[in-house]
Amino acid sequence: WQDSLENLLLNAVDEIERARLNPKIGYGPNSNIFAHILYNLNMEPTSAYEMLEEFVNNFVAKHGSRLQRSKVDEIVIKVGIGSGDSRKQTLRLTASSMTG
């Protein structure tokens, strides 16, 4: 699922880059990426949070210069905790350039 999430986030950055080609948008505004994963992770919330946090840290380390060029201020990922269609909890992880 991490490869799919990385592809989803990279596609979002692609869309931001395409939007910046529009002269009405240009380089002015900053951007946020919101990803809501519809399938559930069947694991403990703390384990899921640690795994998501590690993924986001690696993603930012790997693609940080591209995120800066695209002026991405924040990445928010929401994922369900549970099995099958039974969602017990929703986990939300936010990575922000304003908090480091």
Side-chain angles (χ1 to χ4, degrees):
W1 67 269
Q2 291 182 348
D3 290 337
S4 298
L5 182 55
E6 182 170 10
N7 287 335
L8 176 73
L9 295 177
L10 288 173
N11 285 334
V13 176
D14 290 343
E15 292 297 325
I16 291 168
E17 289 173 346
R18 277 189 213 96
R20 292 202 180 281
L21 295 175
N22 183 336
K24 293 180 182 178
I25 295 173
Y27 195 67
N30 292 345
S31 303
N32 296 325
I33 295 174
F34 298 95
H36 188 168
I37 309 305
L38 297 178
Y39 58 87
N40 295 325
L41 296 179
N42 190 13
M43 57 179 30
E44 289 297 314
T46 18
S47 300
Y49 181 83
E50 290 170 358
M51 191 169 61
L52 273 175
E53 185 177 39
E54 182 180 346
F55 168 81
V56 170
N57 287 338
N58 290 336
F59 181 83
V60 169
K62 186 175 177 182
H63 303 287
S65 62
R66 188 170 175 204
L67 293 169
Q68 283 183 321
R69 278 194 312 272
S70 298
K71 295 178 76 174
V72 174
D73 275 345
E74 190 172 72
I75 298 173
V76 179
I77 300 171
K78 284 176 57 175
V79 65
I81 304 296
S83 60
D85 291 338
S86 173
R87 180 172 286 202
K88 298 176 188 171
Q89 202 173 352
T90 300
L91 181 65
R92 178 180 172 147
L93 180 90
T94 302
S96 174
S97 66
M98 294 174 257
T99 58

Point-to-point distance, once rounded to the nearest 0.5 Å, from [atom1] of [X] to [atom2] of [Y]:
{"X": "Ile77", "Y": "Phe55", "atom1": "CD1", "atom2": "CZ", "result": "5.5 Å"}
{"X": "Ile16", "Y": "Ser31", "atom1": "CD1", "atom2": "OG", "result": "4.0 Å"}
{"X": "Ile75", "Y": "Ile33", "atom1": "CD1", "atom2": "CD1", "result": "5.0 Å"}
{"X": "Asp3", "Y": "Leu8", "atom1": "CG", "atom2": "CG", "result": "12.5 Å"}

* Report yes if some heavy atom in the side chain of Val56 is under 4.5 Å from a heavy atom in the side chain of Leu9; otherwise report no. => no

* Are Leu5 and Val79 side-chain neighbours, meaning at least one heavy-atom pair lies under 4.5 Å? -> no

* **Cluster check Leu10, Val72: I/L/V/M/F/W/Y, side chain < 4.5 angstrom** => yes

* **Co-membership, hydrophobic cluster, residues Leu52 and Val76, 4.5 Å side-chain** => no

* Structure fact -> Residues passing the side-chain contact (heavy atoms from CB on, under 4.5 Å) test with Asn22, sequence neighbours excluded, are Lys24, Ile25

* Structure fact -> By side-chain contact (heavy atoms from CB on, under 4.5 Å), Ala48 pairs with (sequence neighbours left out) Leu41, Met43, Ile81, Leu91

* Asked: Does any pair with a residue in residues 39-61 pass side-chain hydrogen bond (donor to acceptor under 3.5 Å, both in side chains), and if so which ones, sequence neighbours excluded?
  -> Asn40-Arg87

* Within residues 58-92 or reaching into it, pairs that qualify as ring-ring contact (aromatic ring centres under 6.0 Å, His included) - sequence neighbours excluded -> Phe59-His63

* **Pairs flagged by salt bridge (charged side-chain N to carboxylate O under 4.0 Å, His left out) wherever residues 60-69 is involved - sequence neighbours left out** => Glu6-Lys62, Asp14-Arg66, Glu17-Arg66

* Can you list the residues that meet the side-chain hydrogen bond (donor to acceptor under 3.5 Å, both in side chains) rule with Asn30, with sequence neighbours excluded? -> Lys71, Asp73

* Asked: Would you say Asn7 has more than 12 foreign heavy atoms packed within less than 6.0 Å of its CG?
  -> yes

* Shortest non-hydrogen contact from Pro45 to Gln89? -> CG-OE1, 3.1 Å

